[in-house]
Amino acid sequence: MAYWLFKSEPDTFGIDDLRSRPKQTEPWDGVRNYQARNMMRDQMQVGDLGFFYHSNVKEPGIVGLIEVVSVGYPDPTAFDPNSHYYDPKSDPDNPRWYLVDVRYRRHTKRNIRLAELKQYAEDVLADFPLVRRANRLSIMPVMPEHWDLILGLEEAPD
DNA sequence: GCCAACGTTGGC
DNA sequence: GCCAACGTTGGC
């Protein structure tokens, strides 16, 4: 079982949107970055857990927990000319983009803000990509010790 | 709105 | 295969 972090802009798709979906489940579509694709296609397993992170907002941070409920499979939006995520270079016989389905687990008790996580950027979270400057990876692995630290922060005063 | 960082594209 | 130009991400 592995841990991940999934970034999303809540104006596009936020934790509340996921909770309101049928079965509280949604394909994590539209990822067009090879590193992120590889993680979904090759590494994610059913039962893996993820942090749901809100980016591009006033106070970016971790707002919830989600669960991976499928292994990787081709992203159908890449084949749909009407989709915002359409990629004519992705061939159904040789798909370029993959996704997993994720299910809502819970909101965190509070927004565990990026600014707060950055306080640990020089020590315990030194190799956590999220706290590095100008990090653009939309999906990243979370080491178990980092996962535990962050869940501990959830219980701390805001 | 600014801009740093970084991924992608395409000319050569 | 190099690398400049360009586009996008995302914090601030």
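In what follows, chains carry the letters A, B, and so on, assigned in the order in which the sequence lines appear, proteins first and then strands, with residues in each chain numbered from 1.
Using a 30° and 60° split on the angle between ring planes, A:W28 and A:F13 fall in the perpendicular class, above 60°.
Rounded to a whole Å, the CZ atom of A:R32 is 16 Å from the C1' atom of C:dG7. Counting to the nearest Å, the C1' atom of C:dG10 and the CD1 atom of A:I139 are 16 Å from each other. To the nearest angstrom, P of B:dG7 lies 11 Å from CZ of A:R132. A straight line from CZ of A:R136 to P of B:dA5 spans 12 Å, rounded to a whole angstrom. Atom NE2 in A:H54 sits about 15 Å away from atom C1' in C:dG10, given to the nearest Å. The nearest whole Å value for the distance from the CG atom in A:L114 to the P atom in C:dG10 is 11 Å. Taking atom CG of residue A:N38 and atom C1' of nucleotide B:dG7, one finds them 14 Å apart after rounding to whole Å. Regarding A:H84, its NE2 atom lies at a distance of 11 Å from the C1' atom of C:dT8, rounded to whole Å.
Judged by distance alone, the side chain of A:H54 and the main-chain N or O of A:I15 form a donor-acceptor pair under 3.5 Å.
Counted by atom type alone, A:R32 and A:S90 present zero donor-acceptor pairs between their side chains at under 3.5 Å.
In terms of phosphate contacts, A:K7 brings no side-chain nitrogen or oxygen within less than 4.0 Å of OP1 or OP2 of C:dT8. Distances shorter than 4.0 Å separate some side-chain N or O of A:R133 from OP1 or OP2 on B:dA5.
Picking from B:dA5, C:dC12, B:dT8 the nucleotide with the shortest atom distance to the side chain of A:Y34 gives B:dT8. Of the candidates B:dC6, C:dG10, C:dG11, the closest approach to any side-chain atom of A:E9 belongs to C:dG10. Comparing atom distances between the A:Y53 side chain and each of C:dG11, C:dG10, B:dC6 picks out C:dG11 as nearest.
Among the atoms of the strands shown, only primed sugar atoms or phosphate atoms (P, OP1, OP2) are found under 4.0 Å from some heavy atom of A:K89.
Around the CD atom of A:E122, the shell of radius 6.0 Å holds no more than 12 heavy atoms that belong to other residues, nucleotides or ligands.
Taking the six-membered ring for Trp and the full ring otherwise, the centers of A:F52 and A:W4 sit at least 6.0 Å from each other.
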